[in-house]
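Worksheet: one structure, shown below.
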Amino acid sequence: MTTTKHSRLASQLGLELPLVQGPFGGGLSTVELTATVSNNGALGSFGAHNLPGEGIALAIAATRAQTDRPFAINLWVNDHDPGGDDMTPATFERAWAFYEPYFKEFGLDRPEPPQHYHPRFDDQIDALLAARPAVFSFVFGIPSAAILQECRRLGILSIGAATTLAEVEALDAAGVDAIVASGFEAGGHRPSFLARAEDSLMGTATLVRLASTRTSKPIIAAGGMADAAGIRAARAAGADLAQLGTAFVACAESGTADVHRDALFSARAQTTVLTRAYTGRLARGIPSRVIEEFGRRAHELPPFPIHGWFVGKLKSAGLAANIEDFVSLYAGQAAPLLKHRSAAGLIASIRTEL
Ligand SMILES: Cc1cc2nc3c(=O)[nH]c(=O)nc-3n(C[C@H](O)[C@H](O)[C@H](O)COP(=O)(O)O)c2cc1C
């Protein structure tokens, strides 16, 4: 590798390949996947936004037991949309009236209102800083200057995600160590934080190319890559590293359900759509009943994370009965390129082809 800015991040992290395994929220990240990726010369990531502080500490300890290489812990900086932190009984009742028919269909009782619909970022970041992973990656905003300063003091590299040039510039000005340029091809949520996600849809190649003209920070391209050809194209456009998500979700080491993995490898994955139906925030996935029914009623959905909390209960009940109706079939547009079912196999093939 040369000594341009493009190799600094890889050598800082001791990576053998310009490859990052994207973090997955919602329980799809596993310690095994993160450690396997890091042990195979790329950067493993663990998406921890759904875990409380104690869970994050345990995940970091468990990952360290399986690898002595660097890995990233990923959080969602903004843990609710407007109204999404309203814990009043009236809000719960209104939401329950919307979901009750679906709960009845699955034979589910009315759930007890939770203490929070989503763990608090403030609690999560305390646990993360205490455990000091090599990398803290984040989406949906920029942590405070005090948190970023603490990361620098503790030697934790910070990586923020952008979906527009304005977000690239905001992250650059905040002094993060690297920037993920996330194009709309990507599977999972659109992590926009300055404008509505629907108004922040840029393709990976354009975003990476433009970002490379505006920042001297290393750029990690994300969205639409599943093999070495995609990674080469992203690097030609100005990316330092490439972050693959869907290709790793498809691997046996991820925590995803069999119905999801089967869908990723099926002809259905040729069509993916952006929808608020899964959680209330915009995300890309394969059309299914949850998208048809809740996507059509998007204007009626309670805000993130309330909607996601209720859908999560329908998803679990469905999975127990092997029904995919309310399972989020997250997938990026490159899903038809998927070939590998093991993370080591995927990385080995990229290593050979690169
Ligand atoms: C199921 C799923 C969950 C994801 N969850 C997160 C997350 O919690 N945090 C994050 O930074 N990125 C998340 N992502 C984005 C990935 O880390 C990665 O940037 C993206 O998948 C790359 O695009 P690709 O799917 O086309 O490979 C998720 C992606 C998927 C498919």
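Note that the structure is a prediction, hence the values are computed from the model and not measured. Whatever order the structure lists them in is the order used to number ligands and atoms, beginning at 1. Counting from 1, the numbers follow the sequence of the chain as shown.
Taking the six-membered ring for Trp and thresholds of 30 and 60 degrees, F121 and F136 have nearly parallel ring planes, at less than 30 degrees apart.
Between F310 and Y102, the distance from one ring center to the other does not fall under 6.0 angstrom. Between F140 and H49, the ring center distance fails the sub-6.0 Å criterion.
Defined by atom type and a distance below 3.5 Å, a donor-acceptor pair is present between the side-chain atoms of R284 and T272.
For ligand 1, the polar-atom distance check against G25 finds a nitrogen or oxygen pair separated by under 3.5 Å. By the 3.5 Å distance cut-off applied to N or O atoms, G245 is counted among the residues near ligand 1. Polar contact check, G332 against ligand 1: no nitrogen or oxygen pair lies under 3.5 Å apart. Checking only distances, H189 never comes within under 3.5 Å of ligand 1, N or O to N or O.
For the ligand labelled ligand 1, residue G223 lies inside the 4.0 Å heavy-atom shell. Within the 4.0 Å heavy-atom shell around ligand 1 one does not find F248. Ligand 1 lies less than 4.0 angstrom from a heavy atom belonging to G187. Not a single heavy atom of A334 sits closer than 4.0 Å to an atom of ligand 1.
Closest to atom 8 (O) of ligand 1 among all protein heavy atoms lies W76 NE1, 2.9 Å.
The atoms of ligand 1 that sit less than 4.0 Å from any heavy atom of F24 are 2 (C), 3 (C), 4 (C), 5 (N), 6 (C), 8 (O), 28 (C), 29 (C), 30 (C). Close approach of ligand 1 to G22 is summarised as follows: ligand atoms under 4.0 Å from at least one heavy atom of the residue are 17 (O). For ligand 1 and L28, the ligand atoms under 4.0 Å from any heavy atom of the residue are 1 (C). Under a 4.0 Å criterion applied to the non-hydrogen atoms of A222, ligand 1 contributes the atoms 19 (O). Residue-ligand proximity, L244 to ligand 1, at heavy-atom distances under 4.0 Å covers atoms 27 (O).
Partner of E167 under the side chain to side chain contact (heavy atoms under 4.5 Å, CB included) criterion, chosen from I142, I179, L194: L194. None of N74, I159, D177, I73 except one satisfies the side chain to side chain contact (heavy atoms under 4.5 Å, CB included) rule with V135; the exception is I159.
The option with the heavy atom closest to atom 9 (N) of ligand 1, from among L338, T246, N74, I159, is N74. The heavy atom nearest to atom 26 (O) of ligand 1, considering only G224, S328, A181, is found in G224. The nearest non-hydrogen atom to atom 18 (C) of ligand 1, considering only Q243, H49, E185, R190, comes from Q243. In the candidate list A226, P23, G255, G183, P23 is nearest to atom 12 (N) of ligand 1, counting heavy atoms.
L264 is connected to Y330 through a chain of hydrophobic side-chain contacts under 4.5 Å among Ile, Leu, Val, Met, Phe, Trp and Tyr, so both are in one cluster.
The part of Y330 lying near ligand 1 is the side chain, judged by heavy-atom distances below 4.0 Å. Neither the backbone nor the side chain of Q333 has a heavy atom within less than 4.0 Å of ligand 1. Contact annotation: for F138 versus ligand 1, there are no heavy atoms closer than 4.0 Å.
Salt-bridge formation is detected for the pair D199/R196: a Lys NZ or Arg NE/NH1/NH2 atom is positioned less than 4.0 Å from an Asp or Glu carboxylate oxygen. Of the charged side-chain nitrogens involved, at least one lies within less than 4.0 Å of a carboxylate oxygen, so that K104 and E100 count as a salt-bridged pair.
A 6.0 Å sphere centred on CD of Q270 holds no more than 12 heavy atoms belonging to other residues, nucleotides or ligands.
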Chi angles and distances behind the ring pair (Phe, Tyr, Trp, His ring centres under 6.0 Å) call for Y278, F304: CA-CA 10 Å; Y278 294 154; F304 176 89; over 10 Å; no

Criterion ring pair (Phe, Tyr, Trp, His ring centres under 6.0 Å) on Y99 and F106, from CA distance to verdict: CA-CA 11 Å; Y99 301 104; F106 282 91; over 10 Å; no

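With sequence neighbours left out, the salt bridge (charged side-chain N to carboxylate O under 4.0 Å, His left out) criterion links R351 to E16.
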